[in-house]
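The first residue of the sequence shown is numbered 1, and numbering continues consecutively from there. Because only heavy atoms are used, hydrogens play no part in the values below, and waters and symmetry mates are left out as well, while side chains stay in.
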Amino acid sequence: MSKRKTVLIFEDDTIILEVITVVLTDLGFHVEVSETSHDIIQKVETTEPNLILMDNWIPNIGGVEATRLLKADDRFKHIPVIYVSANNDIESLAARAGADDFLSKPFDLDDLEDIVNKHI
């Protein structure tokens, strides 16, 4: 049996977190969550995710800074990061962060499923 793919979600909105967790778990993924971003490197080391969903407004250092930290680390820069935000400039935020893709909030669950499957 192959190891289930892990999605690590950085999100501090518990409702959004629950919805994403249910959807991804139903799709067969193992889901890990974090409500802070300053410890992104430690979180990634312990969870070894195949994909990361990053909220823009995640506490402590924010999504842009957290994504940059990850992408600056040779061990983890290959992990796709999907930037998730309600900001209307999400595309430029994702680009500034060095994210691999982005998903605007509020999003359609089909869109979530499609973007995760595309990158994992």
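In this structure, Met54 CE and Tyr83 OH are separated by 7.5 Å, a value rounded to the nearest 0.5 Å. Lys43 NZ to Thr36 OG1: the interatomic distance, rounded to the nearest 0.5 Å, is 4.0 Å. To the nearest 0.5 Å, the span separating CD1 on Ile20 from CZ on Phe107 amounts to 4.0 Å.
Residues Phe76 and Glu45 come closest through the heavy atom pair CZ-CG, 3.5 Å. The minimum heavy-atom distance linking Thr14 with Glu35 is given by the pair CG2-OE2, 4.1 Å. In this structure, Asn60 and Ser37 approach most closely via the heavy-atom pair OD1-N, 4.1 Å.
Under the 3.5 Å distance criterion, the side-chain polar atoms of Asp100 are matched with a main-chain donor or acceptor of Val81. The backbone N or O of Lys77 lies less than 3.5 Å from a partner atom in the side chain of Lys71, making a donor-acceptor pair. Between the side chain of Arg68 and the backbone N or O of Arg96 there is at least one donor-acceptor pair closer than 3.5 Å. Checked by atom type and distance alone, the side chain of Asp39 never pairs as donor or acceptor with a backbone atom of Gln42 at under 3.5 Å.
Between Leu109 and Val19 the shortest side-chain heavy-atom distance falls below 4.5 Å. Between Asp55 and Ile16, the closest side-chain pair of non-hydrogen atoms is not below 4.5 Å. In this structure, Leu24 and Leu27 have side chains that are in contact, with non-hydrogen atoms separated by less than 4.5 Å. Using a 4.5 Å heavy-atom threshold, the side chains of Ile41 and Leu70 count as touching. Within the 4.5 Å cutoff, the side chain of Asn56 has no heavy atoms near those of the Ile90 side chain.
Checking Leu8, Val33, Leu112, Leu103 one by one against Leu53, the side chain to side chain contact (heavy atoms under 4.5 Å, CB included) holds for a single residue, Leu112.
Thr6 meets the side chain to side chain contact (heavy atoms under 4.5 Å, CB included) test with Lys3, His30, Glu32, Pro49, Asn50; sequence neighbours excluded.
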Donor-acceptor pairs under 3.5 Å, side chain of residues 113-120 to any protein atom, not counting sequence neighbours: which ones?
residue : atom : partner : partner atom : Å
Asn117  : ND2  : Glu113  : O            : 3.2
Lys118  : NZ   : Asp101  : OD2          : 2.9
His119  : NE2  : Asp101  : OD2          : 2.8

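Between the side chains of Trp57 and Asp13, no donor-acceptor pair of N or O atoms lies under 3.5 Å.
A 6.0 Å sphere centred on CD of Glu91 holds no more than 12 heavy atoms belonging to other residues, nucleotides or ligands.
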